[in-house]
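Each remark here refers to the structure printed beneath this line.
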Amino acid sequence: KKNNSELSVSGGTRQSPINIQWRDSVYDPHLKPLKIHYDPTTCLYIWNNGYSFQVEFDDSADKSVIMGGPLENHYRLKQFHFHWGAINEWGSEHMVDSKVYPAELHLVHWNPVTSTSFEEAIMENNGLVVIGVFLKLGAHHAGLQKLVDALPAVKHKDTIVEFDVFDPSCLMPSCPDYWTYDGSLTTPPLTESVTWIIKKTPIEVDQNQLEEFRMLLFTSAGEEEKRMVDNFRPLQPLMNRTVRSSFR
Ligand SMILES: CC#CCNS(=O)(=O)c1cc(S(N)(=O)=O)ccc1C(=O)O
Ligand SMILES: [Zn+2]
């Protein structure tokens, strides 16, 4: 008998997010270093989709790609977005030993070798790779500030602003360590097509930068304002999965 959280997707057995228990993760010496090559000119625009704000990339060629790590081939960057809380005490989707971070960055990539489009890859086993980076309260993040400065222009749902040159590599921690596990999208259609790569080390952002996220709205212009906060999915059962680590 499945409880209701396990029925979140018709019989889902590999749902995300999860709580990563550091001591239960298994070091895998075959995991390679993750290789990231993003071309800043593939950045297109930022938009508020009523759930988060997303930065979309031109994925019509192998210009912004990741490879290595647990991956068999290269994957193209499609978009990145964040999840965050109303206050600093919560906001991330994944947890590490039940520790929650105030926010989490997701960089969504798709497999152009086994799929002919992003839309197709969403439905494919291992069609997607999402890199997760935790955000913690600390020093001002100069690279993030360029993004934060554009947020007032996408305050309302379905607003968009051009964002022509941005290198998301500046949002990566320098530490190469990561965990990886097989999971799902954390928003509909919740498909179980994602290889998750969760970076061990968070990046630091300051209070003002987090508060700028919280000034975005779920609602469209003219509607009663609802602040865009707490846009994270609850933890899902690990079930029959092992989280692998790239580090001892
Ligand atoms: C149809 C369809 C779809 C999924 N799109 S997404 O993979 O970019 C995505 C992925 C994620 S997450 N949190 O699973 O990486 C969240 C949000 C989105 C999104 O479109 O808004
Ligand atoms: Zn996400």
Side-chain angles (χ1 to χ4, degrees), residues 8-10 12 14-20 38 42-60 64-66 71 75-85 90-96 100-112 114-135 144 147 154 156-160 163 168 171-172 178-199 202-203 210 213 216-218 220 228-236 241:
S8 50
V9 182
S10 52
R14 48 174 280 192
Q15 289 292 295
S16 294
I18 60 168
N19 177 34
I20 296 168
Y38 292 150
T42 56
C43 188
L44 294 172
Y45 52 82
I46 305 180
W47 70 296
N48 176 330
N49 65 5
Y51 173 77
S52 178
F53 66 93
Q54 287 189 0
V55 181
E56 300 278 344
F57 287 77
D58 169 11
D59 62 349
S60 59
S64 287
V65 294
I66 57 169
L71 309 176
Y75 284 68
R76 283 185 196 164
L77 177 65
K78 167 74 177 152
Q79 58 101 325
F80 70 80
H81 62 274
F82 296 80
H83 303 263
W84 61 91
W90 61 74
S92 63
E93 295 211 303
H94 290 87
M95 298 183 193
V96 179
V100 179
Y101 289 88
E104 185 173 336
L105 159 65
H106 288 158
L107 298 117
V108 181
H109 310 74
W110 61 280
N111 188 333
T114 55
S115 301
T116 55
S117 71
F118 170 69
E119 286 69 25
E120 188 189 306
I122 291 167
M123 311 311 285
E124 295 271 325
N125 186 27
N126 298 330
L128 300 179
V129 168
V130 183
I131 297 177
V133 179
F134 294 117
L135 276 63
L144 183 74
L147 206 49
V154 289
H156 292 100
K157 178 180 178 188
D158 294 331
T159 50
I160 183 168
F163 201 60
L171 301 174
M172 284 291 157
Y178 62 85
W179 289 284
T180 184
Y181 78 97
D182 293 340
S184 74
L185 293 175
T186 66
T187 62
L190 300 172
T191 42
E192 299 184 333
S193 54
V194 180
T195 298
W196 281 93
I197 296 174
I198 306 291
K199 301 292 284 182
I203 58 170
L210 283 172
F213 284 20
L216 292 167
L217 301 177
F218 281 127
S220 305
M228 183 181 276
V229 292
D230 301 334
N231 54 358
F232 52 86
R233 189 190 191 195
L235 287 180
Q236 300 297 308
R241 290 181 283 181

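Atoms within each ligand, like the ligands themselves, are counted from 1 in listed order. The shown structure was predicted, so the numbers you read here are calculated from the model rather than taken from an experiment. Note that the numbering runs from 1 along the sequence shown for the chain.
Rounding to the nearest 0.5 Å gives a distance of 11.5 Å between CD of Gln54 and CD1 of Ile46. Atom OG1 of residue Thr191 and atom CG of residue Leu185 lie 4.0 Å apart, to the nearest 0.5 angstrom. The CD1 atom of Ile197 lies 8.5 Å from the OH atom of Tyr75; values are rounded to the nearest 0.5 Å. Distance CD/Gln79 to SG/Cys43: 11.5 Å, rounded to 0.5 Å. Distance check, rounded to the nearest 0.5 Å: OG of Ser117 to CD1 of Ile122 gives 8.0 Å.
Among all protein heavy atoms, the one lying closest to atom 16 (C) of ligand 1 is Thr187 OG1, 3.3 Å. Closest protein heavy atom to atom 10 (C) of ligand 1: Leu185 CD2, 3.8 Å. The protein atom (non-hydrogen) at minimum distance from atom 14 (O) of ligand 1 is Thr186 N, 2.8 Å. The protein non-hydrogen atom at the shortest distance from atom 19 (C) of ligand 1 is Gln54 NE2, 3.1 Å. At the shortest separation from atom 11 (C) of ligand 1 among protein heavy atoms lies His81 CE1, 3.5 Å. Among all protein heavy atoms, the one lying closest to atom 5 (N) of ligand 1 is Phe118 CZ, 3.8 Å. Ranking the protein heavy atoms by distance from atom 8 (O) of ligand 1 puts Gln79 NE2, 2.7 Å first. Here the heavy atom of the protein found nearest to atom 2 (C) of ligand 1 is Ile122 CD1, 3.5 Å.
A heavy-atom separation below 4.0 Å is not found between Lys78 and ligand 1. Remark: distances from the non-hydrogen atoms of His83 to ligand 1 include one below 4.0 Å. Within the 4.0 Å heavy-atom cutoff, Glu119 does not count among the residues contacting ligand 1.
Under 4.0 angstrom from ligand 1, there are no non-hydrogen atoms of Val194. At a heavy-atom cutoff of 4.0 Å, ligand 1 is contacted by the side chain of Val108 but not by its backbone. With a 4.0 Å cut-off on non-hydrogen atoms, Pro189 touches ligand 1 through its side chain and not its backbone. Contacts between Arg233 and ligand 1 below 4.0 angstrom, taking non-hydrogen atoms only, are absent altogether.
Ligand 1 places these atoms under 4.0 Å from at least one heavy atom of Glu93: 13 (N). Near Asn49, meaning under 4.0 Å from any of its heavy atoms, are these atoms of ligand 1: 21 (O).
Under the 3.5 Å distance criterion, with hydrogens and angles disregarded, no donor-acceptor pair is assigned to the side chains of Trp47 and Asp158. For the residue pair Ser16 / Tyr181, a side-chain donor-acceptor distance below 3.5 Å is found, with atom types taken as modelled. Looking at Trp196 and Asp182, their side chains never bring a donor and an acceptor atom within 3.5 Å of each other. Side-chain contact of Arg233 with Gln15: a donor-acceptor pair under 3.5 Å is present, judged by distance alone. Looking at Ser64 and Thr42, their side chains do bring a donor and an acceptor atom within 3.5 Å of each other.
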- [ ] For side-chain contact (heavy atoms from CB on, under 4.5 Å), just list the numbers for Leu77 and Ile66, CA-CA rounded to whole Å, side-chain angles, deciding distance to a tenth of an Å, and then say yes or no.
- [x] CA-CA 8 Å; Leu77 177 65; Ile66 57 169; over 6 Å; no
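Between Phe53 and Trp84, the gap from one ring centroid to the other is short of 6.0 Å.
Under a 3.5 Å cut-off, the side chain of Asn48 and the backbone N or O of Val154 do form a donor-acceptor pair.
Under 2.8 Å from the Zn ion (ligand 2), one finds the following protein N/O/S atoms: His81 NE2, His83 NE2, His106 ND1.
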Name every donor-acceptor pair, under 3.5 Å, that has one atom in a side chain of residues 101-109 and the other anywhere in the protein, sequence neighbours excluded.
from	atom 1	to	atom 2	distance (Å)
Glu104	OE1	Glu93	N	2.7
Glu104	OE1	His94	N	2.8
Glu104	OE2	His94	ND1	2.8
Glu104	OE2	His106	NE2	2.7
His106	ND1	His81	NE2	3.4
His106	ND1	His83	NE2	3.0
His109	ND1	Leu107	O	3.1
His109	ND1	Val129	O	3.2
His109	NE2	Tyr38	OH	2.7

